[in-house]
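A short worksheet on the structure shown next.
When a residue number appears, it is its place in the shown sequence, counting from 1. Just follow the structure's listing: the first ligand is 1, and inside any ligand the first atom is 1. Small disclaimer: the values here were computed from a predicted structure and weren't measured.
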Amino acid sequence: MHPEIHFLPDDRKVTVRPGTTLLDAGRRARVQIRTRCGGKAACLMCKVRVPDQTGLAPMNKNEELKLGSQSTEGYRLACQARVTGPVSVHVPEDPLKAAVRAQLQKQKEDQEW
Ligand code: FES
């Protein structure tokens, strides 16, 4: 059975084979997870939040080392975290996209006055 991965806030779902990384699952679901190192646990840009990690394999030593204290706060590196069962993944918004969205919201509020 292939587990279903649910990506938030985009609300996209995809089923993948067990052992697939969250980064690859995100690509299949067409969810943009930032990466610069190509999945080598070097850039830390693929950090995602997974409150319930029962559907993920335990962290490897490298991931644990890279995340530091965030490893106990529900964060995972999407390029290292491997799927074992259904899981919900919170993907942080791209900073540029967030800045544009905030600017558009401000303009909208200014026009309402
Ligand atoms: S993609 Fe660079 S640390 Fe995961």
Side-chain angles (χ1 to χ4, degrees):
M1 185 180 125
H2 292 180
E4 183 176 79
I5 315 304
H6 185 196
F7 289 97
L8 299 164
D10 290 352
D11 194 27
R12 295 206 180 151
K13 297 176 182 174
V14 65
T15 55
V16 296
R17 292 178 181 216
T20 303
T21 65
L22 291 180
L23 185 62
D24 287 337
R27 286 176 176 147
R28 289 199 48 206
R30 297 180 189 259
V31 172
Q32 188 173 12
I33 299 176
R34 297 181 339 134
T35 173
R36 186 167 286 162
C37 71
K40 297 185 174 109
C43 69
L44 308 184
M45 293 179 74
C46 67
K47 204 182 312 176
V48 293
R49 198 167 56 80
V50 185
D52 180 1
Q53 300 191 12
T54 53
L56 294 178
M59 283 188 201
N60 61 40
K61 286 287 177 199
N62 194 25
E63 182 182 11
E64 198 172 334
L65 185 69
K66 294 284 184 179
L67 282 172
S69 64
Q70 289 185 320
S71 66
T72 58
E73 297 169 359
Y75 287 91
R76 297 295 299 260
L77 293 179
C79 67
Q80 301 297 304
R82 294 194 179 274
V83 172
T84 58
V87 66
S88 292
V89 180
H90 298 258
V91 179
E93 189 173 33
D94 181 284
L96 178 60
K97 195 173 165 184
V100 169
R101 190 175 45 72
Q103 186 65 34
L104 289 173
Q105 180 67 30
K106 186 176 182 303
Q107 285 177 354
K108 185 178 173 186
E109 288 170 5
D110 290 346
Q111 288 173 354
E112 290 174 0
W113 285 95

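Between atom 2 (Fe) of ligand 1 and C43 there is an N/O/S contact shorter than 2.8 Å.
Counting only heavy atoms of the protein, atom 1 (S) of ligand 1 lies nearest to T35 OG1, 3.0 Å. Closest to atom 3 (S) of ligand 1 among all protein heavy atoms lies L44 N, 3.2 Å.
Atoms of ligand 1 found under 4.0 Å from any heavy atom of C46, numbered from 1 in the order shown, are 1 (S), 3 (S), 4 (Fe). Atom numbering of ligand 1 starts at 1 in the shown order; those under 4.0 Å from a heavy atom of A41 are 3 (S). Here is the list of ligand 1 atoms found below 4.0 Å of a heavy atom in A42: 3 (S). Per-residue contacts place G39 under 4.0 angstrom from the following atoms of ligand 1 (heavy atoms of the residue considered): 1 (S). Applying the 4.0 Å criterion to heavy atoms of C79 picks out, from ligand 1, the atoms 1 (S), 3 (S), 4 (Fe).
For the salt bridge (charged side-chain N to carboxylate O under 4.0 Å, His left out) with E63, the qualifying choice from K47, R76, K40 is R76, the only one to do so.
A donor-acceptor distance shorter than 3.5 angstrom exists from the side chain of R12 to the backbone of R30, with no hydrogens or angles considered. With hydrogens and angles disregarded, no donor-acceptor distance shorter than 3.5 Å links the side chain of T15 to the backbone of P3.
Counting only heavy atoms from C-beta outward, the side chains of H6 and D11 approach each other to under 4.5 Å. Looking at heavy atoms from C-beta onward, F7 lies in side-chain contact with V14 at the 4.5 angstrom threshold.
Here R28 does not pair with D24 in a salt bridge; the nearest charged N to carboxylate O distance is not below 4.0 Å.
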